[in-house]
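Only a predicted model underlies this, so the values are computations on that prediction, with no experimental measurement involved.
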Amino acid sequence: MSLEEKIDKNHLPQHVAIIMDGNGRWAKARGLERYMGHQEGVVSVRKVVEAASDLGIKYLTMYTFSTENWNRPIEEVHALMTLMVAAIKRETPDLMKNNVRLDAIGDLSRLPEEARNTLQECIEETSVNTGTTVVLALSYSSRWEIAEAVRQIAGKVKDGDLDIAEITESTVSEHLTTRNIPDPDLLIRTGGEQRLSNFLLWQLSYAEFYFTNVYWPDFRKEELFDAILYYQQRERRFGKTSEQLIL
């Protein structure tokens with residue numbers, strides 16, 4: 001029986017979030033330039049999106065470029081932006097064919113104009129699709145997102161549109177960039193690190209974490225299936241006891 005056949009299609013995570021780590025180290029281990037690791041990483045994105053779509057996973061959020069990544073060498077940032085533009089243009093027809101919708105979260109105003117325009121065109125073109133929604137976290141930082149939400153909420157309180165006593169967890173969630181997306185059920189991080197790196201700190205409160213030493217360029221369909229099988233072995237209690245879940 002293949003890994004895919006072992007997956008219970010009735011017990012899939014609704015939302016999978018991925019920290020795609022290890023492109024540079026993958027390239028270095030092979031004596032290649034860092035950008036070649038990023039190029040091969042794009043192939044992994046395609047393969048994983050295809051696999052998620054085939055399985056019927058509703059949401060797939062991919063940590064594509066963090067706010068901190070702007071501090072990388074200018075040449076690498078430029079190469080990443082160029083690669084993103086080329087990848088989006090190349091992949092849009094396949095997204096349409098596979099009924100995949102693209103969305104993005106983050107401080108998109110910081111993206112170069114060509115990258116921002118290309119991204120927006122793809123988002124608009126795929127907005128009619130009803131299958132898997134792929135969310136690219138671009139120029140994204142969870143602390144930035146939470147601070148933005150606090151500013152918006154504070155503004156409403158100041159203007160008299162919201163009473164402090166009415167602020168709940170739902171109020172905060174409704175002011176995040178992910179307000180129209182369910183919280184992730186499963187977080188995958190590749191590359192051997194075991195930290196969140198300022199990614200979806202609020203939204204990952206009840207997610208299962210899956211860490212793997214596999215570098216992102218080597219993470220393909222079978223590796224995704226492994227992660228989902230791990231998820232399906234977990235007991236998600238949300239603060240309850242095992243006995244309560246049976247009742």
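- Here the side chain of H38 pairs no donor or acceptor atom with the backbone of L80 at under 3.5 angstrom.
- The number of heavy-atom neighbours closer than 6.0 Å to NZ of K47, taken from other residues, nucleotides and ligands shown, is 12 or below.
- The main-chain N or O of M62 is found under 3.5 Å from a side-chain atom of T64 such that the two form a donor-acceptor pair.
- Here the shortest heavy-atom pairing between V172 and A149 reads O-CB, 4.4 Å.
- Checked by atom type, the side-chain pair S170/S173 shows no donor-acceptor distance below 3.5 Å.
- When atom types are taken as modelled, the side chain of N129 and the backbone of V100 share a donor-acceptor pair closer than 3.5 angstrom.
- Summarising the local packing, CD of E114 is surrounded by 12 or fewer heavy atoms from other residues, nucleotides or ligands at distances under 6.0 Å.
- Checking side-chain atoms of D226 against main-chain N and O of E223 turns up no donor-acceptor pair under 3.5 Å.
- Checking side-chain atoms of T126 against main-chain N and O of L102 turns up a donor-acceptor pair under 3.5 Å.
- Judged by distance alone, the side chain of T132 and the main-chain N or O of I57 form a donor-acceptor pair under 3.5 Å.
- Under the 4.5 Å side-chain heavy-atom criterion for grouping Ile, Leu, Val, Met, Phe, Trp and Tyr, L119 is connected to V49 within one hydrophobic cluster.
- For the pair Q232 (side chain) and D8 (backbone), a donor-acceptor distance under 3.5 Å is present.
- Considering every non-hydrogen atom in both S205 and W202, the closest pair reads OG-O, 2.9 Å.
- Judged by distance alone, with hydrogens and angles left aside, the side-chain atoms of E5 form a donor-acceptor pair with the main-chain N or O of S2 at under 3.5 Å.
- We find the CD1-CG distance between I123 and L136 to be 7.5 Å, quoted to the nearest 0.5 Å.
- The number of heavy-atom neighbours closer than 6.0 Å to CD of E33, taken from other residues, nucleotides and ligands shown, is 12 or below.
- The CZ atom of F199 sits 6.0 Å away from the OG1 atom of T61 when rounded to the nearest 0.5 Å.
- Using a 4.5 Å heavy-atom threshold, the side chains of F225 and I7 count as touching.
- Closest approach of V85 and A115 over heavy atoms only: CG2-CA, 3.5 Å.
- Using a 4.5 Å cut-off on side-chain heavy atoms (C-beta onward), P13 and I228 make contact.
- T130 and N99 form a side-chain donor-acceptor contact under 3.5 Å, judged by distance and modelled atom types alone.
- Of all heavy-atom pairs between G41 and W216, the closest is O-NE1, 3.0 Å.
- Y140 and N198 make their closest contact through CE2-O, 3.8 Å (heavy atoms, listed as atom of the first residue, atom of the second, distance).
- A side-chain contact (heavy atoms from CB on, under 4.5 Å) with L187 is found for exactly one of I19, V16, L200, namely I19.
- The minimum heavy-atom distance linking R72 with V77 is given by the pair O-CG2, 3.8 Å.
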